[in-house]
K.L.:
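Just passing along the structure, written as C-alpha cells.
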Protein chains: 2
Amino acid sequence: MRPCSGAVHYDDGTSVIPSHKNLRNRLLAALTPDLFDALCDQLEPVPLKPGEVLVRPGEPIRSVWFVESGIVSAIANTPEDRRIEIGLVGNEGFVGVPLLLGVDRTPHENLVQVDGTALRLTSAAFDEAVDRHAALRRLLLRYVHAFQIQTSQTALCNSSYNLEERLARWLTMCHDRIDGDEFPLTHEFLSIMLGVRRPGVTTTIHVLEGAGMIKARRSHIRIVDREKLQAAAGDSYGVAEAEYARIIEAALKDSSAADAHTGLWAEPDAAAGRPHIVRSPGDIGRSS
Amino acid sequence: MRPCSGAVHYDDGTSVIPSHKNLRNRLLAALTPDLFDALCDQLEPVPLKPGEVLVRPGEPIRSVWFVESGIVSAIANTPEDRRIEIGLVGNEGFVGVPLLLGVDRTPHENLVQVDGTALRLTSAAFDEAVDRHAALRRLLLRYVHAFQIQTSQTALCNSSYNLEERLARWLTMCHDRIDGDEFPLTHEFLSIMLGVRRPGVTTTIHVLEGAGMIKARRSHIRIVDREKLQAAAGDSYGVAEAEYARIIEAALKDSSAADAHTGLWAEPDAAAGRPHIVRSPGDIGRSS
DNA sequence: CAGTCTTTGTACGGTATAGTACCCTTAATT
DNA sequence: AATTAAGGGTACTATACCGTACAAAGACTG
C-alpha cells in the first residue's frame, strides 16, 4: 500500500501518513484497498480551520474535500444576504458535491465550523477518478442522495419544529461528527446556522442545560446526556441518519469483504490502525 | 425518427405520438435526436392525476417520470407525519432522482399536484439508459444539482421569509410550470405544502388578491400580474431558477447544434411542433 | 493592571403565525 | 329541489419568536 503525499496532523500532536488502514473518512474507508491506492497519490492532507470558506458562492470549486475530522457547514443564501445552514458534513461525507454532478460552481457556501483535517483532491483529479472508477462514482452518488435527504429534513425541521427541538437536533448531529463530547461553538454562530435570534439561542441553551443534557462554557458546548438530547430532538433527528446508514453502511455489510465487483470494502473499521470511536449517526441510545 | 409506444392526450382533446419534435419536457428536449431515439421506444406516455402518489416513502421506486405537463410535489415527512413540500417538478425536470443516484427508495414522497402528462421509463430501462449514455447521465445529474438548490432555497425561505413572500414564491414557481395563468388549488392543500395553517393561507391570498396580483376562485387561482407577484416574492424567488437556467439552458446554448460530443441538442424549442409558451423560470418580468 | 473586545445574560414590547372554533358559500349527489 | 360534503371566510386567544437594547462576564492586549 502506497503512502499518500503528506501527513495528517491530529490535535493530540500525533501525525500519520494516510493509508487505507488509518482513514477516518467513511466514504474513502468504504473503498477497496486497490481503489483507494489509485486515489492515494492525489489526496493531499489539509487542515480545516474554523471560519475557513471551502466553497464560495458563484466561484469555481477547485477541489473536493473528504473530511477526516471536524465539521463543515453547507449554507444557502440569497442576494440580500439572508443565510441559513442546510446541512453538515463531517467524516461521513465530502465537500464539493456539485463537481460530482458536473457543475463547476454553486450559489451556496461551505464553511468550516469545527476545526479538523481533510484529504483534498483537485477538481481535475476528482473528475478523472470518478470517470475512471465506477465504484467510486456509485458510492459518492449514494452520498449525494443521503445529503439531499439531510437538506430536506433540515427544511422540514426549520418550519415545523420549535427552537428547542431544532437546537437539540443540531447538537446531536454535531456530536455524531466529532470525537469526544465537547466542541467549540458560540451562540452567535449557532443563531446564524439555525436562522434565529442570538438571545433565542442563549435561553434555549439554558433550557437544555437545565434539563441536564448539555453543559455550556464560553464558546464551548459539551454533550452530557446524549440520549436525553436526542430525545429532545424528537423526530427532527433520525430520518436522514437512518437513510445514510441504509445506503452507505448497510450496503457495505451486504457485500463480502473486498468485493472486487462492487469495489467496496466490507469492514473498514475492523482494520483501523488508529483507535477512534465509531460514531454512527442513527446509533440511537449510544452511551457517552 | 421512430414514434414512441403510445400517445399523449392533452387537455384540449388533441393527442400526439411523442417524438423529439413535440417534446415538452425540457430535459428530453435537450438531448440530441439520436439519443432521444434510443430512449423513445421505452418511454410510455402516462397521465398524471391530481393526488396520485408517484413515489411512496420507503417503497421501491419503479419508474422515473419525465414530466411533460402538470406539476408534481416533492414532500419530506417524519415518522410522526409532519410534512412539508421541498420542491416542485414540472416539465423542466423528472421524478425519480434517487434511481439516478443508485438508490432504490427514499423516505420522501412525490405527489401529483396539478394534472398533466409524463413520459415514464421503468427503473430497469432507466438504469440501462443512463449507464449506456453518458450524455444523458451528465444532463440528468446537472438537474439533480438544480433540484438540490431548489430544495435548499425552499429551506431558506421557510425560515426567513414571511407567509406572503413564500406564497408569492410558490405561486410564481407554479406559474413557471404550467400553460396559461390559472391552475386548480385549494387553500387546504397550499397550507400543507407551505407548512402553515389553512386560515393563514386564506387571509394571505386575500392580501395578494387585494394587491391585484392574483384572482382566486373556489379551488382555483389565476395569476393576474406576474410581475407584481414575483416582486412580492422578493429574493425568495430567483436563485434556484437562475441556477437551472445557468446549468441546463445556458449550457445548451454554448454547445453547437446537435453536438455529437456532448449529446445535447442546442435549440430544442426552435423545433417544437406544438406551439406552447416557453416559460423559462427566471425569465424575470415576462408579461402575461 | 487597565483597556478593549467578544461572548453571554436578560428584559420588554411587538408581530407573525398557531390553534381552534364556527359559519357561510359553492359544488356535487340524490 | 333537497341534502351533503368540500372549500373558504372570520374571529378569538395563545405563544414562539423577533427586534432591540443594554449590561455583565470572560478573554485577549498593551
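None of the values given here were measured: they were computed from a predicted structure. Sequence lines set the chain letters: A, B, ... in the order given, protein chains first and strands last, and positions in each chain run from 1.
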K.L.:
Hey, are the side chains of A:V55 and A:E109 touching, using non-hydrogen atoms and a 4.5 Å cut-off?
P.N.:
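With C-beta onward as the side chain, the pair stays apart.
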K.L.:
Figure out the CG/P separation between A:L163 and D:dT15, and round it to whole Å.
P.N.:
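The distance from CG of A:L163 to P of D:dT15 comes to 17 Å, rounded to the nearest Å.
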K.L.:
Measuring to OP1 and OP2 of C:dT17, would you say a side-chain N or O of B:R197 lies under 4.0 angstrom away?
P.N.:
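Answer no for this pair, as no side-chain N or O of B:R197 is under 4.0 Å from OP1 or OP2.
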K.L.:
Just the rounded figure in Å: distance from C1' of C:dG19 to CZ of B:R82.
P.N.:
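About 14 Å, once rounded to whole Å.
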K.L.:
Are any of the side-chain nitrogens in B:E92 or B:R177 under 4.0 Å away from the carboxylate oxygens of its partner?
P.N.:
yes
K.L.:
Write out all pairs satisfying salt bridge (charged side-chain N to carboxylate O under 4.0 Å, His left out) with one or both partners inside residues 193-209 of chain A, taking only residues at least two apart or from two chains.
P.N.:
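Applying salt bridge (charged side-chain N to carboxylate O under 4.0 Å, His left out) to every pair that reaches into residues 193-209 of chain A, excluding sequence neighbours, yields A:E209-A:K215.
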K.L.:
Does anything in residues 206-217 of chain B reach DNA chain D, meaning a heavy atom under 4.0 Å, and if so which residues?
P.N.:
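Per residue number, the list reads B:H206, B:R217.
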K.L.:
Is there, by distance only and without an angle test, a donor paired with an acceptor across the side chain of A:R218 and the base of C:dT6 below 3.5 Å?
P.N.:
yes
K.L.:
Has the side chain of A:S160 got a donor or acceptor atom that lies under 3.5 Å from a matching backbone atom of A:C157?
P.N.:
no
K.L.:
Check the distance between C:dT6's C1' and A:I192's CD1 and give it to me in whole angstrom.
P.N.:
14 Å
K.L.:
B:S219 or A:E164: which one's nearest nucleotide on DNA chain D is closer to the 5' end?
P.N.:
B:S219
K.L.:
Please determine whether a side-chain nitrogen of the Lys or Arg among A:E68 and A:R24 lies less than 4.0 Å from a carboxylate oxygen of the Asp or Glu.
P.N.:
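Answer for the salt bridge query: no.
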K.L.:
Can you tell me how far P of C:dT17 sits from CG of A:N158, to the nearest Å?
P.N.:
15 Å
K.L.:
Under a 4.0 Å N-O cut-off, is there an ion pair linking B:D235 with B:R169?
P.N.:
no
K.L.:
Between A:H220 (NE2) and D:dA25 (C1'), how many Å, whole number?
P.N.:
16 Å
K.L.:
Whole-Å distance between D:dA16 C1' and A:L194 CG?
P.N.:
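Nearest whole value for this atom pair: 15 Å.
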K.L.:
From the options C:dT17, C:dG9, D:dC17, select the nucleotide whose nearest atom is closest to the side chain of A:R166.
P.N.:
D:dC17
K.L.:
So does B:R198 reach the base of D:dG9 with its side chain, donor to acceptor, closer than 3.5 Å?
P.N.:
yes
K.L.:
Taking the side chain of A:T202 as its heavy atoms from C-beta onward, which of C:dT17, C:dG9, D:dA11 lies nearest to it?
P.N.:
C:dG9
K.L.:
B:H187 NE2 to D:dG7 C1': how many Å, rounded?
P.N.:
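After rounding, the reported distance stands at 8 Å.
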K.L.:
Please report, rounded to the nearest Å, how far the P atom of C:dG9 is from the CG atom of A:L190.
P.N.:
12 Å
K.L.:
Any ion pair linking A:E80 and A:R82 (charged N to carboxylate O, less than 4.0 Å)?
P.N.:
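So A:R82 pairs with A:E80 through a salt bridge.
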K.L.:
What does B:I205 touch in the nucleic acid at a heavy-atom separation under 4.0 angstrom: a base, only the sugar-phosphate, or nothing?
P.N.:
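If one applies the 4.0 Å heavy-atom cut-off, B:I205 turns out to touch nothing in the nucleic acid.
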K.L.:
When you match A:N162 and A:P199 each to their closest nucleotide on DNA chain D, which lands nearer the 5' end?
P.N.:
A:N162
